[in-house]
Amino acid sequence: MTTPILKQLRVPVVSAPMAGGPSTPELARAVSEAGGLGMIAGALLTPEGFAAQVDSIRGVTFGVNLFLPEEPSGADVQSYAQHLAPWFERFDIEPGELVRRDDYYAEKFAWLLAHPVPMVSSTFATFDADEVARLHAVGTEVWATVATASDASVATANGVDALVVQGPEAGGHRGTFDGSAPEQPLTELLAAVREISELPRVAAGGLMDGNDIVPLLDSGAAHAAQFGTAFLNTPEAGTKPIHRQQLTLASDTAVTRAFSGRPARGLVNDFMRENSAVAPAAFPDLHYLTAPLRAKAAAIGDPSALSMWAGTGHRRVQAMPAAELIAEWARQLGR
């Protein structure tokens with residue numbers, strides 16, 4: 001089983017939608033033109049910025065990812081802000097304010113119906129059956145990011161076309177619907193999802209080259225693979241300079257809520273070590289709270305307080321243009 005978009009890929013590679021800067025229209029276009037599927041990270045953008053990024057890539061086959069909104073958790077964000085006071089003082093910065101809890105979801109979804117794109121995927125939840133039907137009605141393929149078999153079951157029942165199966169090895173935010181951080185390895189998760197859904201599976205998590213996905217494709221465990229960390233050091237990516245540097249210098253990754261209030265895997269630094277144990281489950285509250293701190297750390301090149309999302313394979317990252325990476329992976333896949 002496949003989908004029209006998966007069927008037309010010359011190389012079964014999807015660029016991960018890395019919100020907050022690393023994903024750019026330039027990266028998405030480069031991936032699509034090289035035979036893969038480029039993704040626009042629609043989250044954490046204003047409606048105007050979102051529309052501009054999407055419109056800038058028309059002319060190639062691409063996808064758009066949205067963060068689906070979450071209800072307030074009721075967590076004590078103010079206590080965490082007080083806990084972080086020494087960090088704000090150290091960087092001479094004020095705590096950030098919550099801008100918009102729903103990430104302009106309704107506006108972005110309505111815009112996509114009025115200005116259709118080839119594919120739309122969801123993260124943190126699945127589109128409901130009515131939303132899927134409305135996207136299908138304008139010719140848009142619908143995918144859902146899932147990190148548990150139960151989430152895959154819900155997405156399948158709602159009528160999506162494919163599942164991005166995200167293992168715990170993946171960098172960035174864990175895509176579970178309930179905000180949890182299960183540790184079932186990608187290979188086991190793919191098998192569990194395969195048991196409950198016949199939908200095409202796009203494997204994600206710790207994959208860094210074509211050799212990594214050969215056994216997944218050959219066994220039928222996956223129909224394509226999503227790469228995020230592997231693209232972080234491409235010239236087309238919007239990765240911050242200090243983040244690029246740390247990809248090969250940092251020794252390890254860990255999962256933390258300290259920066260955003262949702263579990264996310266990144267390069268271990270002082271901020272994670274000091275605050276992970278006390279950070280509440282409160283997304284996007286913590287994302288906005290720590291935003292000025294992270295911006296200041298990036299501006300002065302200090303990795304101690306920057307969220308540097310990366311998967312477990314980060315030490316294998318290559319500084320190459322996206323097209324050259326995909327050409328190399330195609331050779332490894334015998335394409």
*Starting at CG of N158, measure out to OG1 of T126 and round the result to the nearest 0.5 Å.*
5.0 Å
Just wondering, do [Y] and [X] contact through their side chains at under 4.5 Å, heavy atoms?
X    : Y    : value
L6   : P200 : yes
Q245 : P303 : no
Q78  : H83  : no
W87  : T290 : no
F109 : V120 : no
Q318 : L325 : yes
F177 : T148 : no
L216 : T187 : yes

Minimum heavy-atom separation for [X] to [Y], with atom names?
X    : Y    : result
I93  : P292 : CG1-CB, 3.6 Å
M308 : I242 : SD-O, 4.3 Å
V193 : A149 : CG2-CA, 4.2 Å
P168 : L186 : CD-N, 4.1 Å
S56  : P25  : OG-CB, 3.3 Å

Ring-ring centroid check [X] [Y], cutoff 6.0 Å:
X    : Y    : answer
H173 : W309 : yes
F231 : W329 : yes
Y104 : F50  : no

Tell me whether [X] is salt-bridged to [Y], with the criterion being a basic N under 4.0 Å from an acidic carboxylate O.
X    : Y    : result
R101 : D285 : yes
K108 : D102 : no
E107 : R100 : yes
R90  : D270 : no

_I'd like to know whether M39 forms a side chain to side chain contact (heavy atoms under 4.5 Å, CB included) with F62, so could you lay out the CA-CA distance, the side-chain angles of the two residues, the decisive distance to 0.1 Å, and finally the verdict._
CA-CA 6 Å; M39 292 290 297; F62 65 98; over 6 Å; no
Is [X] reaching over with its side chain to a backbone N or O of [Y], donor-acceptor style, under 3.5 angstrom?
X    : Y    : result
E274 : F271 : no
N269 : L306 : yes
D103 : Y105 : no
E141 : M119 : no
D161 : V142 : yes
R257 : V278 : no
T156 : A152 : yes
T239 : H243 : no
K240 : A298 : no
H115 : W111 : yes

*Do the side chains of L27 and L44 join up, straight or via other hydrophobic residues, at under 4.5 Å, putting them in one cluster?*
no
*When hydrophobic residues are tied together by side-chain contacts of less than 4.5 Å, even through go-betweens, does V138 share a cluster with W143?*
no
Between [X] and [Y]: side-chain donor-acceptor atoms closer than 3.5 Å:
X    : Y    : value
T24  : E236 : no
N65  : T123 : yes
R315 : T248 : no
T145 : Q166 : no

_Looking at E89, I want to see if its CD is surrounded by more than 12 non-hydrogen atoms of other residues, nucleotides or ligands under 6.0 Å._
no
*More than 12 non-hydrogen atoms from neighbouring residues, nucleotides or ligands closer than 6.0 Å to CG on D92, yes or no?*
no
*For H314 and R265, what are the C-alpha separation, side-chain angles and deciding distance, and is it a side-chain hydrogen bond (donor to acceptor under 3.5 Å, both in side chains)?*
CA-CA 11 Å; H314 66 96; R265 183 176 294 281; over 6 Å; no
_When you measure from the centre of the six-membered ring of F124, is the NZ or CZ of R262 closer than 6.0 Å and no more than 45° off the axis?_
yes
